[in-house]
Number of protein chains: 2
Amino acid sequence: MNLKTLAQELGLSQTTVSRALNGYPEVNEATRQRVQQAAARYNYRPNSRAKGLATGRAMMIGHVIPASTRHEMVNPVFGDFVGGASDAYARHNFDMMFTRVADGNDESTYRELKAKRAVDGVIIQGPLVNDARIPLLNALDLPFVVHGRSSGIDEPYSWVDVNNKRSFQRATEFLLDLGHTRIGLINGLEHMDFAQRRRDGYLAALKARGIPTDPALMRSNEMTEVFGHHQTRHMLQLDAPPTAILTSSMISAIGVRRAIEEAGLKMGRDISIITHDDELSYLKNGQDVPIFTATRSSVWKAGEIAAEMLLSQINEPANVPQTRLLEAELVVGRSTGPAPQG
Amino acid sequence: MNLKTLAQELGLSQTTVSRALNGYPEVNEATRQRVQQAAARYNYRPNSRAKGLATGRAMMIGHVIPASTRHEMVNPVFGDFVGGASDAYARHNFDMMFTRVADGNDESTYRELKAKRAVDGVIIQGPLVNDARIPLLNALDLPFVVHGRSSGIDEPYSWVDVNNKRSFQRATEFLLDLGHTRIGLINGLEHMDFAQRRRDGYLAALKARGIPTDPALMRSNEMTEVFGHHQTRHMLQLDAPPTAILTSSMISAIGVRRAIEEAGLKMGRDISIITHDDELSYLKNGQDVPIFTATRSSVWKAGEIAAEMLLSQINEPANVPQTRLLEAELVVGRSTGPAPQG
DNA sequence: GGCGATATCCAAAGCGCTTTGAAAAGTGAG
DNA sequence: CTCACTTTTCAAAGCGCTTTGGATATCGCC
């Protein structure tokens, strides 16, 4: 069923039928009813490609996923962010498109997306320090919103980010207040912008109290369970092991806990943990009382906000760029306690 | 830049330019070179909607995600499957589209996808027992492949599945051979088809050895870490606690292990665990020697296979339906050992 | 030198929609 | 009953591509 035959069926022109369905005022209310009923009866939906061609709108948002690290697509943080975004898209009748791209082909992928007019805008996830995608997309004039920020980029762009520096600074101060002075940091990959900001927060808090930093206590890598476990085991074997560990994700925190328990220590008594908690849907931090003391900020929510921002910019290109800085809350769980005496 | 102006620029007709770029033979090789170079120079890409309208192909595969359970999209199994699928799509220049759908609106969503011609085919994930989507899609005549099967559906359809029954039967037999007779089953939601098949395998193995089944040892729910932990704690408090536990996912196995360790028991000595391991990219089962003994089958790979199957059906509607049953391997890790004497 | 076959290119139609500009129908005042 | 307006409908152009059915140029061969 298409417009043409539907119009014939109704004895009307395509114009009138189209307008009736799209809510234009210049069509008699009675006719509109007739048209809508017929459309429902025949289960008519305008062909999305034809409509897109005529309107110039794709009604589609692109997400580009680097294939480099398999993890990216599969990363639970990624999943939750995308879940939130797609809620927003659904509200506006947009769809989301995923393109996996071989390593290093980002640029041509974005160019292609633009040239093909496949999407109305894109979301950038996991920005690096000095991320080349930002100047590229600005140059391409393709609407975009970044989840996170990119240190070193001067030009304006739209972003939604958590105040990573502040939240890790607060978490570190919290541990310092409990008397901890040897605090480990198990962080994400160093070239990721968020990891750098978290480290900055950690360092700032230590510096403010005149606590020296120890490179042996600062590790960064992809935040898997195994990584958390591995690094914790190493740190515990140091001559002066940490009494507290700060980690960048719940997943690695699970590994940290595992290493602690394997060492016969008790979390929250012998050694404290604070983790960043993205409030992942399938990885809840305990039921009522959180297992881990955590800096908490919902990445699902961030996805919604970023998507709404992007859609608003597509509709109103005037109000670009927009930015939004979210503050993480510091929630106290059972994984922190006063530094052990000794 | 579009075909028309590119053709003008070259002093050729749109026909020739189009054919040159699409590799048709009836164009002089020299001209083709000229055209390709010009296309590259202007960074020309055919407008995907126009192309789709002309060809009737969307070059897009749909994935519909029920919003009911937030978990769905975020579920790591989902993520890995989709990762594998998108690898296959990328090879064939297809893109993937995600539509989140409010609970219970599946039917209208699929109808709409069909009517709008938004996609060339869809993938069904997480089939239930007697899943209504299968007859619907058959009726709609929209190409689809199911990841898993649906017991109770008679009509033919294409699927890719792991031999869940057999693999859990083998795992159970393995435990029985080690002398275990009280074996717990921590399974996925009962209305999920895979959970039912796994239970069947478990029951078949017990029955073959004349071991009575105990409902107190069979639990099913969404497979979170917390669920594994919670159920294990309960089971360990029984008068006759299990000496082995079979669980349906690595994530809940982690919870199982936590409960075991909290109880002061040692995994692999006091109590054995076998888990199903989907070989999730970010949740590896140990490095060289697996942590958990596991029935192993890569869900990433399954995604690739399902996607290839769907694409082949789109190109060749004749060879429908196809099916593919994957056998899981049983890999021995450090989580199993002989049943403790007692 | 002419003829059929082949290689190369082109004009125009068509995919299914939106939207412009105009026509037809209806309305109320004079 | 007319005229000026508003309301309602329509024909046709256009979005950017593919593809059909020719047209034109080239070639081998007798």
Side-chain angles (χ1 to χ4, degrees), chain A residues 1-36 38-39 42-60 93-95 112-120 315, chain B residues 1-36 38-39 42-60 93-95 112-120 315:
Chain A
M1 176 56 63
N2 59 14
L3 228 208
K4 189 171 172 186
T5 61
L6 180 62
Q8 283 171 350
E9 209 74 28
L10 281 161
L12 287 170
S13 75
Q14 296 189 37
T15 312
T16 306
V17 175
S18 170
R19 289 189 153 149
L21 293 173
N22 288 316
Y24 282 76
E26 56 268 82
V27 41
N28 191 330
E29 200 47 40
T31 346
R32 189 192 304 279
Q33 296 293 337
R34 257 181 67 219
V35 172
Q36 281 174 343
Y42 291 110
N43 193 36
Y44 167 78
R45 299 295 154 85
N47 180 308
S48 55
R49 284 188 300 289
K51 185 163 186 162
L53 184 56
T55 59
R57 277 294 186 78
M59 299 305 280
M60 179 92 71
N93 289 314
F94 270 68
D95 287 306
E112 185 169 329
L113 241 33
K114 166 76 180 184
K116 283 166 62 177
R117 310 257 138 129
V119 299
D120 298 316
N315 289 323
Chain B
M1 176 54 63
N2 59 15
L3 229 209
K4 189 172 170 186
T5 61
L6 180 62
Q8 284 171 349
E9 209 74 28
L10 282 161
L12 288 170
S13 75
Q14 295 189 36
T15 312
T16 306
V17 176
S18 170
R19 289 190 154 152
L21 293 174
N22 288 316
Y24 283 75
E26 56 269 79
V27 41
N28 190 328
E29 200 47 39
T31 339
R32 189 191 303 281
Q33 295 293 337
R34 255 182 69 219
V35 172
Q36 282 173 340
Y42 292 111
N43 193 35
Y44 167 78
R45 299 297 153 86
N47 179 309
S48 55
R49 285 188 300 288
K51 184 162 186 161
L53 184 56
T55 58
R57 277 296 184 78
M59 299 305 279
M60 179 94 71
N93 289 316
F94 270 67
D95 287 306
E112 186 170 327
L113 240 33
K114 167 75 179 183
K116 282 165 64 175
R117 314 256 139 134
V119 299
D120 298 316
N315 289 324

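All chains are named by letter (A, B, ...) in the order of the sequence lines, taking the proteins before the strands, and each is independently numbered beginning at 1.
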Of the nucleotides [options], which one has an atom closest to the side chain of [X]?
X     : options                : result
B:Q14 : D:dC17, C:dT19, D:dT20 : D:dC17
B:A54 : C:dC15, D:dT9, C:dC9   : C:dC15
A:A50 : D:dC17, C:dC17, D:dT9  : C:dC17
A:S13 : D:dC17, D:dC10, C:dC9  : D:dC10
B:L12 : C:dC17, C:dC10, D:dT9  : C:dC10
B:N2  : C:dG16, D:dC17, D:dT18 : D:dC17
A:L53 : D:dG16, D:dT9, C:dT8   : D:dG16
A:L3  : D:dT19, C:dC17, D:dT9  : C:dC17

Whole angstroms only, please: what is the [atom1]-[atom2] distance between [X] and [N]?
X      : N      : atom1 : atom2 : value
A:R57  : C:dT19 : CZ    : P     : 11 Å
B:E29  : C:dT8  : CD    : P     : 9 Å
B:R19  : D:dT18 : CZ    : P     : 11 Å
B:E26  : D:dA25 : CD    : P     : 19 Å
B:L10  : C:dC9  : CG    : P     : 11 Å
A:K116 : D:dC15 : NZ    : C1'   : 18 Å

Side-chain ([X]) to main-chain ([Y]) donor-acceptor, under 3.5 angstrom:
X      : Y     : value
A:R117 : B:R49 : no
A:S18  : A:Q14 : no
A:D120 : A:R57 : no
A:R32  : A:Y24 : yes
B:T55  : B:K51 : yes

Should [X] be listed as having a side-chain N or O under 4.0 Å from OP1 or OP2 of [N]?
X     : N      : result
A:K51 : C:dT18 : yes
B:N28 : C:dA7  : no
B:T55 : D:dC17 : no
A:Y24 : C:dT19 : yes
B:N47 : D:dC17 : no

Any side-chain heavy-atom pair from A:L3 and A:V17 closer than 4.5 angstrom?
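Yes - at least one pair of side-chain heavy atoms lies under 4.5 Å apart.
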
By nearest-nucleotide position on DNA chain C, the 5'-leaning member of A:K4 and B:R32 is B:R32

Under the 3.5 Å rule, do the base of D:dT18 and the side chain of B:T15 count as making a donor-acceptor pair?
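Check fails, no donor-acceptor contact within cut-off.
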
